There are 4 protein chains.
Amino acid sequence: MSQDSQIPLVIAASTNNSVRRRGRPRSERIHQAILQAALAIVQEVGFSELTIEGIAARAGTSKLAIYRRWPTKAAVVMEAFLDQATSKLPLPFPDTGSVVDDFRRQMRSVVKLLTGPYGKLLSTLLGGIQIDGQLAEAFRSRWLEPRRMETKRALQRGIDRGELPPEIDLDALVDALYGPLYFRLLFGHQRLTTKLLDCVVEMVFDGLTSK
Amino acid sequence: MSQDSQIPLVIAASTNNSVRRRGRPRSERIHQAILQAALAIVQEVGFSELTIEGIAARAGTSKLAIYRRWPTKAAVVMEAFLDQATSKLPLPFPDTGSVVDDFRRQMRSVVKLLTGPYGKLLSTLLGGIQIDGQLAEAFRSRWLEPRRMETKRALQRGIDRGELPPEIDLDALVDALYGPLYFRLLFGHQRLTTKLLDCVVEMVFDGLTSK
Amino acid sequence: MSQDSQIPLVIAASTNNSVRRRGRPRSERIHQAILQAALAIVQEVGFSELTIEGIAARAGTSKLAIYRRWPTKAAVVMEAFLDQATSKLPLPFPDTGSVVDDFRRQMRSVVKLLTGPYGKLLSTLLGGIQIDGQLAEAFRSRWLEPRRMETKRALQRGIDRGELPPEIDLDALVDALYGPLYFRLLFGHQRLTTKLLDCVVEMVFDGLTSK
Amino acid sequence: MSQDSQIPLVIAASTNNSVRRRGRPRSERIHQAILQAALAIVQEVGFSELTIEGIAARAGTSKLAIYRRWPTKAAVVMEAFLDQATSKLPLPFPDTGSVVDDFRRQMRSVVKLLTGPYGKLLSTLLGGIQIDGQLAEAFRSRWLEPRRMETKRALQRGIDRGELPPEIDLDALVDALYGPLYFRLLFGHQRLTTKLLDCVVEMVFDGLTSK
DNA sequence: GTATAAACGAGACGGTACGTCAGGTCTTTCT
DNA sequence: AGAAAGACCTGACGTACCGTCTCGTTTATAC
């Protein structure tokens, strides 16, 4: 899926723009080094301990090279995350013939993602979102929406097969399924386990299917 | 309910301690001025833009007067929020005789809270939680847990009356009910409405009760 | 001569001000450390290579401690110079009974000063004067004017004794005597020697006295 | 007088070099634009506020185009000044038959120059000289020395005619005459007037001639 | 009543990071 | 091959807050 061309880039940091600018082009090597450094640091010490100077030092470049590309450290981290997210974190829906099984499996990989190193990163980004509107928009359009679309497609298969009632509020259903997972991730009051997701799937789908 | 005495205070900021210290006592006026200033600033510019110096300036006092009372800015804000929260934001559970109705009503006031001015403050604090561990712990112990306890008590009434199966995972159920609301609050991908909570309540409880 | 109280301080960096300011007083130790560091660096590498960060590092203090006291690095150096100048560089006029001899001797010590380490510093400061008006005013009032007053007093003795005609323009005479010395110092086209001063004294005084 | 060929060019920036280089020739238009921009800026804000980037911006060219021609900003300004100086500021010595009259007249035009707009520029350059050794050397060889040579020639005429004693130290005499003028220009303690020059000429020459 | 203990405002202190600027060098495309 | 544009690394700029530390003053209790 050629996602990059479809989704409007909120963050104007694209280097491989076809309309060549004059002057020396920005180094792709530096671009990547900055993103990697930012990712590494944020996972080591968290967002608030992350500094532009630290990124520059680790990436072997200068602060200015960073400021030339992104306006805030939040934007850097977001880009770094999305770079990884779209390529390495697929979270695919299987098509087992049973909607419930499809979700049980996919949500299992979501839980795995959220409890791993990217979970910390994600919650950090969500922290940034509460403050920065641009960041929020970028996050929604580049991470959340693509994922919700796919989720709705999986649910639609269930409706088409008669497993789910056709009049259901898809948006509410998606929130009911994933909301509890992120709830635990963000509040941290309890460990996020597969047991939770099993409970949620059971409650939500049994309520819908048993009618 | 004498909540303040039950819950162990993480933040040792109680002023009206009966064991009078020698020397000049801390000014209650200053105490309140600091909390008000912190609350105002955090609502205006968010947690990360909040500074101790800013609070001191707005409160017409000195940094030291703040540090004497709280160790971090997170603690100040949390105290300020909780002052408001415990007094002005009751979110009570009615006892209608039907668990589902009890929750439908209570969650309606939660939605009202989250969509009002305190919703912004809450999401700001949740943003801060992702960054500041101390803030997170204070938030959980002084806001979240008391609320969860009360919620579980309301659910227990349902179990006792036979409305809910006794073997259910209460924690998972609480997350299933409230998670979707906070999900929308924090991601902002859709408006948080009472329609959502009706859908969630229907899905979750119908799934459990219809068996 | 209690110079410090007479001359109005252009640079408001005086610490031993009798009108106590509120808050923690500025450290005299740091004050001195900054001045010494500035003096040392300026003599080693010159004014343009001097940086505030360098001064702070050498003085074992912070940039802010410097900015709190002086607005520019020029002001720091000026203060440092004047501190030394007023205490350690006396350039006294003897009273031999002969004006010409008085000047020959005093100017000899001026030449010695200008060709020594303070000569480099002085020319540096004169460079700064061309750029910074405040600096210029400070230099004139705290270094130049006291010196000119003393010089005129020495000349007056000559007039009183009948060695010099009473109608002479004292300011022009002072410039005629010292101008050539500073001319060589600043343009650096020729070495500044005692021979020059002897020539100048001879030309100027012989012209005046032989009438 | 073919000055350009006599004086060794410290600054290798000559454009109308007869030995044609290969490739596209440097634009004379740009050359002039840079010099004009430099001159304008230095007169507006002084040497220390002058930047290469500022010159490039004002001249509508790039930094590299400047670096291709001059090694330092000092060199640019010096070239700009000398361009003006050699063409528009002649300061000629008349040959009236009387050395004293010759100097009185020539120095009058010097005073006029120093008190006009070029006086400010000159003092700025002299400020730069104290800081930048290269600038100093360029200034001496291209401005000062030619002027001193001419001055000495004028004095020699006086010696040849018997107006001045043949054994005098010409360098000291030149400094005695012009030093006081520059002294006032650079220290700014008194206005630079023709009265001063009259006094100086009288003192210096009367001392020498009356023997 | 008078110590005395602590809070108070004010602000200096050594730090760290900020975001900007200019230096001087380089790489690319255009002319 | 020069010109312009602009990226590059470097390093200093002046500022903002941090959390701590004097100061001199004020306000309570405790002796």
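These values consider heavy atoms only, across backbone and side chains, with no hydrogens, waters or symmetry-generated copies. Just so we're clear, the structure is a prediction, and the values are computed from it rather than from any experiment. Every chain is numbered from 1, with letters handed out A, B, ... down the list of sequences.
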With sequence neighbours excluded, residues passing side-chain contact (heavy atoms from CB on, under 4.5 Å) with A:Ile66: A:Ile34, A:Ile52, A:Ile55, A:Ala56, A:Trp70, A:Val76

Sugar-phosphate only, base, or nothing, as touched by D:Ser62 at under 4.0 Å among non-hydrogen atoms: base

Separation of F:dT10 C1' from A:Ile66 CD1 (nearest whole Å): 14 Å

Residues that C:Ala33 engages under side-chain contact (heavy atoms from CB on, under 4.5 Å), provided they are two or more places apart: C:Ala59

Phosphate contact (F:dG2 OP1 or OP2) by D:Arg69 side-chain N/O below 4.0 Å: no

E:dC13 OP1/OP2 closer than 4.0 Å to side-chain N/O of C:Arg68: yes

Value in whole Å for how far the C1' atom of E:dC13 lies from CZ of C:Arg26: 12 Å

By ring pair (Phe, Tyr, Trp, His ring centres under 6.0 Å) - contacts of D:Phe47 (at least two apart): none

Residue pairs involving residues 36-47 of chain C (criterion side-chain hydrogen bond (donor to acceptor under 3.5 Å, both in side chains); sequence neighbours excluded): C:Glu44-C:Arg58

Of all pairs that satisfy side-chain hydrogen bond (donor to acceptor under 3.5 Å, both in side chains), the ones with a partner from residues 45-54 of chain B, not counting sequence neighbours: B:Glu53-B:Lys63

Whole-Å gap separating P (F:dA7) and CD (A:Glu28): 14 Å

Base versus backbone protein contacts along nucleotides 20-25 of chain E [heavy-atom cut-off under 4.0 Å; B, S, -]: B-BBBB

Closest-nucleotide 5' rank along DNA chain F - winner of A:Gly60 and D:Gly60: D:Gly60

For B:Arg29, side chain to side chain donor-acceptor pair (under 3.5 Å) partners two or more places apart: none

Heavy-atom pair with the smallest gap, counting every atom of C:Phe81 and C:Leu39: N-CD1, 4.2 Å

Watson-Crick or G-U pairs under 3.5 Å in DNA chain F, rendered as dot-bracket with [ ] for crossing pairs and | for another strand: |||||||||||||||||||||||||||||||

Nucleic acid contacts of residues 33-44 of chain A, taken as heavy-atom distances under 4.0 Å to DNA chain F: none

